[in-house]
Visitor: 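One structure follows; several queries about it will come next.
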Amino acid sequence: QVDLVETGGALVQAGGSLTLSCTTTGATFGDYGLAWFRQAPGKEREFVATIHRSNHRAYYADSLKGRFAISRDNAKKTMYLRMNNLEPEDTALYYCAAGRPILSSLRNQASYFYWGPGTQVTVSS
């Protein structure tokens, strides 16, 4: 069992930056691939980024690559999402997820079976 919780969501002006964190008290944090997803009001949940459990290879949504950065510290049982140059379109509830996805399914939310409750990011114009 992996219990996840996201922190760091806030109201920020366009062009600003935020760092989200995902933490757990579980003992097997390093056994799982981790990902960020987001869901804006009235829209479907979409993939943001994912990071491998051990080699830390990362994959991003094409539209976010270069602006967002995912990282993890297994010793601290924490994953991060650094968001730069935020835009109003980034406004969403951001979710942390854990699983053991295969390479071809890294961007599929069905590949992740543990989810946090989400943290709200709101970007004002």
Side-chain angles (χ1 to χ4, degrees):
Q1 180 67 40
V2 178
D3 296 317
L4 304 170
V5 61
E6 306 92 341
T7 58
L11 173 64
V12 62
Q13 292 184 336
S17 299
L18 280 175
T19 298
L20 306 182
S21 297
C22 173
T23 61
T24 184
T25 58
T28 58
F29 188 80
D31 291 342
Y32 297 92
L34 301 172
W36 290 98
F37 290 80
R38 68 184 185 182
Q39 187 168 23
K43 298 182 179 179
E44 295 184 353
R45 189 172 299 182
E46 64 177 346
F47 170 77
V48 174
T50 186
I51 186 165
H52 190 271
R53 66 186 186 276
S54 58
N55 65 31
H56 293 191
R57 285 178 293 182
Y59 299 86
Y60 298 87
D62 290 342
S63 62
L64 302 177
K65 185 178 296 184
R67 192 161 61 89
F68 286 13
I70 189 171
S71 61
R72 67 188 293 170
D73 186 335
N74 288 346
K76 296 181 178 180
K77 299 180 179 179
T78 303
M79 175 180 65
Y80 306 94
L81 181 69
R82 179 63 176 174
M83 304 183 292
N84 297 313
N85 299 316
L86 285 164
E87 305 169 352
E89 292 74 19
D90 296 318
T91 295
L93 189 64
Y94 283 72
Y95 295 93
C96 171
R100 294 291 299 272
I102 61 175
L103 185 61
S104 61
S105 301
L106 293 173
R107 296 168 177 81
N108 298 333
Q109 56 185 297
S111 299
Y112 303 90
F113 41 84
Y114 297 114
W115 293 80
T119 187
Q120 179 67 40
V121 174
T122 302
V123 184
S124 61
S125 60

Visitor: Is it the case that Arg38 and Tyr94 place a side-chain donor and acceptor less than 3.5 Å from each other?
Guide: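 Looking only at side-chain atoms, Tyr94 and Arg38 do form a donor-acceptor pair, the distance falling under 3.5 Å.
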
Visitor: Do you reckon Leu20 sits in the same ILVMFWY cluster as Tyr114, going by side-chain contacts under 4.5 Å, direct or chained?
Guide: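 Yes, one cluster joins them.
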
Visitor: Taking the side chain as every heavy atom from C-beta outward, state whether Met83 and Val12 have any atom pair closer than 4.5 Å.
Guide: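 No, too far: nothing below the 4.5 Å cut-off.
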
Visitor: Less than 3.5 Å apart, any donor N or O on the side chain of Thr24 or Asp3 sitting next to an acceptor on the other?
Guide: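 No pair is found: no donor N or O on one side chain lies under 3.5 Å from an acceptor on the other.
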
Visitor: Flag the pair Val123 / Glu87 as yes when at least one side-chain heavy-atom distance between them is below 4.5 Å, and no otherwise.
Guide: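 With C-beta onward as the side chain, the pair stays apart.
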
Visitor: Examine Ile70 and Tyr95 and state if one hydrophobic cluster contains both, with Ile, Leu, Val, Met, Phe, Trp and Tyr joined whenever side-chain heavy atoms are less than 4.5 Å apart.
Guide: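 Ile70 does not cluster with Tyr95.
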
Visitor: Taking Arg57's backbone N and O only, do any of them form a donor-acceptor pair with Asn55's side chain (distance below 3.5 Å, no angle check)?
Guide: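 Side chain of Asn55 to backbone of Arg57, a donor-acceptor pair under 3.5 Å: yes, one is there.
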
Visitor: If you take all heavy atoms of Arg72 and Asn74, which pair is closest and at what distance?
Guide: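 Shortest heavy-atom separation between Arg72 and Asn74 comes out as NE-OD1, 2.7 Å.
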
Visitor: Please collect all ring pair (Phe, Tyr, Trp, His ring centres under 6.0 Å) contacts where either partner lies in residues 45-73, sequence neighbours excluded, each pair once.
Guide: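 Applying ring pair (Phe, Tyr, Trp, His ring centres under 6.0 Å) to every pair that reaches into residues 45-73, excluding sequence neighbours, yields Phe37-Phe47.
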
Visitor: Rounded to the nearest 0.5 Å, how far apart are CZ of Phe29 and SG of Cys22?
Guide: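 If I round to the nearest 0.5 Å, the distance is 5.5 Å.
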
Visitor: Going by heavy atoms in the side chains, are Asp90 and Leu64 under 4.5 Å from each other?
Guide: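 Yes, side chains in contact.
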
Visitor: Do Glu6 and Leu4 come within less than 4.5 Å of each other through their side chains, counting heavy atoms only?
Guide: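 No - every pair of side-chain heavy atoms lies 4.5 Å or more apart.
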
Visitor: Is there a side-chain contact between Trp115 and Cys96 in this structure, where contact means two heavy atoms from C-beta onward sitting under 4.5 Å apart?
Guide: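 They are not in side-chain contact.
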
Visitor: Which atom pair, heavy atoms only, marks the closest approach of Asp31 to Arg53?
Guide: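 So the two residues come closest at O-CD, 3.3 Å.
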
Visitor: Restricting to non-hydrogen atoms, name the atom on Pro117 and the atom on Val5 that form the minimum distance, rounded to 0.1 Å.
Guide: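 Closest approach of Pro117 to Val5, heavy atoms only: CD-CA, 4.1 Å.
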
Visitor: Quick one: NZ on Lys43 to CD on Glu89, what's the gap to the nearest 0.5 Å?
Guide: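 Going from NZ on Lys43 over to CD on Glu89, the span is 7.5 Å.
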
Visitor: Do you know which two heavy atoms are closest between Tyr112 and Leu106, and how far apart they sit?
Guide: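 Result for this residue pair: OH-O, 2.7 Å.
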
Visitor: Kindly give the heavy-atom pair with the smallest separation between Val121 and Gly9, and that separation in Å.
Guide: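 Heavy atoms of Val121 and Gly9 come nearest at CG2-CA, 4.1 Å.
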
Visitor: Nearest 0.5 Å please: distance from the CG atom of Asp73 over to the CE atom of Met79.
Guide: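 Asp73 CG to Met79 CE: 12.5 Å, rounded to 0.5 Å.
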
Visitor: Short question: side chain of Ser111, backbone of Ser105 - any donor-acceptor pair under 3.5 Å?
Guide: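 A pair under 3.5 Å: yes.
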
Visitor: List the atom of Ala14, the atom of Ser125, and the distance in Å for their closest heavy-atom pair.
Guide: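 Nearest pair, atom of Ala14 first, then Ser125: CB-CA, 4.4 Å.
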
Visitor: I'd like to know if the side chain of Ser21 and the backbone of Tyr80 have a donor-acceptor N/O pair within less than 3.5 Å.
Guide: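 No, Ser21 side chain to Tyr80 backbone: no donor-acceptor pair under 3.5 Å.
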
